[in-house]
Amino acid sequence: MKRHFFALLMLACAGCTPAVTKLNVADISKSDALQVTDKRPATEKENKIFSLLITSKEYGVIRTGDVHLSPPPVRLLQHEVYQKFAADGGAHAVTVYHFVIYQNMRTQLRAGAIGAGLGGALGSVVGNAIASHDAASQTHLTDEMSFNSISEEYLRGQYNASENPDNAAVYIIYVDTDIDGKKIFTRTVASMKPHSDQNPLAGAVELAIRNHLARYDTSGAVVASATQPSAVSAATSATLVAAAAPAGSDAQSASPNAGMLPMAQSAASQIGCNAVRPNGDTTFTASCGSYEVVIDCDGGKCHPTHTVNTHQ
């Protein structure tokens, strides 16, 4: 009981509004003139703790609201767009459809609860070992259809084993913009562990913005500190379909769900999960590290529906 109470307290404190992180952005007033239309859902600007119950599938995931940064995320994006595209005085049309930040601290919070239950030196060792985990930052493309098809919002704050093999506490940031008629949607995973004297949230948001805007370059290159694990390519999808079919058979006729496999895999990749496997005529299961997600396909579309715990 003590352990559960301690974990609830940790998560409640994690969701409390801290002192606002103030960034000193040089010459930010110059970008005031750039018009940016913010079409984000109102919820993306607000804090939310998805669950305080340690046994809940939503436990440890928090949506981080705009109040935590000054200037707020979209204002920082506006300035970076100005620096990149509009500093020459040209007119540019900028619309923001999504800019939302999630924290995933599930492993850390559960470890804290276990450490509190153990107590003493052993409990401290357990807690400190988990807290020291780190993750490499990375950004990749996603798409709005897959993002919107996720029926349970907390799933957007999940990561897979390849993104975060040590289960470090991470920020997961989605940015979706249209600049001069070109629409790009990215997902960034960045460590919550402090590096040097930079605030982790500020660093994650700035990295997400830079990598997102780099996608507008002709080369499509991103800053050197990020990696791009691609979404499932057509070739990979074809390989997965072929692997699902018995040897010597046609992939489309081998099973009722063979043609749906690439769509299911794409839906899984958008929420950071690994390979999918058939789980019925129109459903699939995707491995996501310590849990699995059931993906349902119907009417030519696939979307995650719920999670299944595998091990803690």
Side-chain angles (χ1 to χ4, degrees), residues 15 39-51 53 56-65 73 96-106 138-164 170-177 183-190 204 208 212 229-232 237 240 257 260-280 282-310:
K39 290 190 175 181
R40 292 180 297 163
T43 54
E44 293 191 0
K45 308 171 188 179
E46 302 167 354
N47 293 320
K48 180 177 180 179
I49 300 172
F50 287 93
S51 178
L53 183 63
S56 171
K57 62 186 179 181
E58 300 182 351
Y59 178 76
V61 179
I62 299 171
R63 189 200 310 129
T64 305
V96 181
Y97 293 98
H98 296 284
F99 198 142
V100 60
I101 305 164
Y102 297 99
Q103 303 174 46
N104 189 321
M105 299 184 292
R106 176 179 295 166
Q138 53 187 271
T139 298
H140 61 85
L141 293 172
T142 184
D143 67 88
E144 191 166 16
M145 182 178 293
S146 297
F147 179 86
N148 290 336
S149 72
I150 298 175
S151 58
E152 298 177 275
E153 185 186 355
Y154 83 96
L155 288 170
R156 294 171 183 161
Q158 304 289 11
Y159 53 80
N160 64 35
S162 63
E163 290 177 315
N164 186 10
V170 292
Y171 291 108
I172 298 177
I173 304 173
Y174 294 89
V175 184
D176 181 18
T177 62
K183 197 169 187 296
I184 289 179
F185 200 163
T186 58
R187 178 178 184 269
T188 294
V189 178
H212 179 82
S230 61
V232 179
S237 296
L240 289 169
N257 56 29
M260 300 179 187
L261 186 58
M263 293 187 297
Q265 183 64 64
S266 179
S269 297
Q270 301 308 323
I271 58 172
C273 293
N274 297 314
V276 299
R277 64 180 185 275
N279 188 32
T282 60
T283 60
F284 299 81
T285 300
S287 174
C288 309
S290 62
Y291 65 96
E292 295 183 333
V293 171
V294 175
I295 295 174
D296 182 60
C297 298
D298 184 43
K301 296 181 180 180
C302 296
H303 62 276
T305 58
H306 63 276
T307 58
V308 179
N309 288 329
T310 54

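These numbers were taken from a predicted model, which means no experiment stands behind them.
Side-chain contact check for Thr188 versus Val175: every heavy-atom pair is 4.5 Å or farther apart. Looking at Thr285 and Val276, their side chains never come closer than 4.5 Å, going by heavy atoms from C-beta outward. Looking only at side-chain heavy atoms (C-beta outward), Asp296 and Thr282 come within less than 4.5 Å of each other. The closest side-chain heavy-atom distance from Arg187 to Gln138 is not below 4.5 Å. Residues Lys45 and Arg40 form a side-chain contact, since some pair of their non-hydrogen atoms from C-beta on lies under 4.5 Å apart. Between Met260 and Gln265, every side-chain heavy-atom pair lies at or beyond the 4.5 Å cut-off. Ile62 has its side chain within reach of Met105: a pair of non-hydrogen atoms, C-beta onward, lies under 4.5 Å apart. Residues Pro73 and Ile101 have side chains in contact (heavy-atom distance under 4.5 Å, counting atoms from C-beta outward).
With rounding to the nearest 0.5 angstrom, the SG atom of Cys302 is 6.5 Å from the CZ atom of Phe284. The line from CZ of Arg106 to OG of Ser51 is 9.5 Å long, rounded to the nearest 0.5 Å. Taking CG of Asp298 as the reference point, atom OG1 of Thr283 lies at 11.5 Å (rounded to 0.5 Å). For the atom pair CG of Leu261 and OG of Ser266, the computed distance is 11.0 Å after rounding to the nearest 0.5 Å. Rounding to the nearest 0.5 Å gives a distance of 10.5 Å between CD1 of Ile150 and NE2 of His303. The OH atom of Tyr97 sits 13.5 Å away from the CD1 atom of Ile184 when rounded to the nearest 0.5 Å.
Between Phe185 and Phe147, the distance separating the two ring centers is shorter than 6.0 angstrom.
Partners of Ser151 by side-chain hydrogen bond (donor to acceptor under 3.5 Å, both in side chains), not counting sequence neighbours: none found. Applying the salt bridge (Lys or Arg N to Asp or Glu O under 4.0 Å) rule to Lys39 yields no partners; only residues at least two apart in sequence or on another chain are considered. Asp176 meets the side-chain hydrogen bond (donor to acceptor under 3.5 Å, both in side chains) test with Lys183; sequence neighbours excluded. Partners of Glu152 by salt bridge (Lys or Arg N to Asp or Glu O under 4.0 Å), not counting sequence neighbours, listed by chain and number: Lys57. With sequence neighbours excluded, the residues satisfying side-chain hydrogen bond (donor to acceptor under 3.5 Å, both in side chains) with Arg277 are Glu292. Residues meeting the side chain to side chain contact (heavy atoms under 4.5 Å, CB included) test with Ala204, sequence neighbours left out: Tyr171, Ile173, Ala190.
A distance-only check finds no donor-acceptor pair linking the side chain of Glu44 to the backbone of Pro41 [under 3.5 Å]. With hydrogens and angles ignored, the 3.5 Å screen pairs no side-chain donor or acceptor of Asn104 with any backbone N or O of Val61.
When all heavy atoms of Asn160 and Ser162 are compared, the pair lying nearest together is OD1-OG, 2.7 Å. Closest of all the heavy-atom pairs between Pro304 and Leu155 is CB-CD1, 4.0 Å.
Within a 6.0 Å radius of CG in Asn148, more than 12 heavy atoms belonging to other residues, nucleotides or ligands are found.
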Next on the checklist: Checking Thr186 against Tyr174 for the side-chain contact (heavy atoms from CB on, under 4.5 Å) test, could you report, in this order, the C-alpha distance in whole Å, the side-chain angles of both residues, the deciding distance, and whether it holds?
Outcome noted: CA-CA 6 Å; Thr186 58; Tyr174 294 89; over 6 Å; no
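Looking only at atom types and distance, the side chain of Arg63 has no donor-acceptor partner in the side chain of Tyr102 under 3.5 Å away.
A salt bridge is absent between Glu58 and Lys48: the closest approach of a Lys/Arg side-chain nitrogen to an acidic carboxylate oxygen does not fall below 4.0 angstrom.
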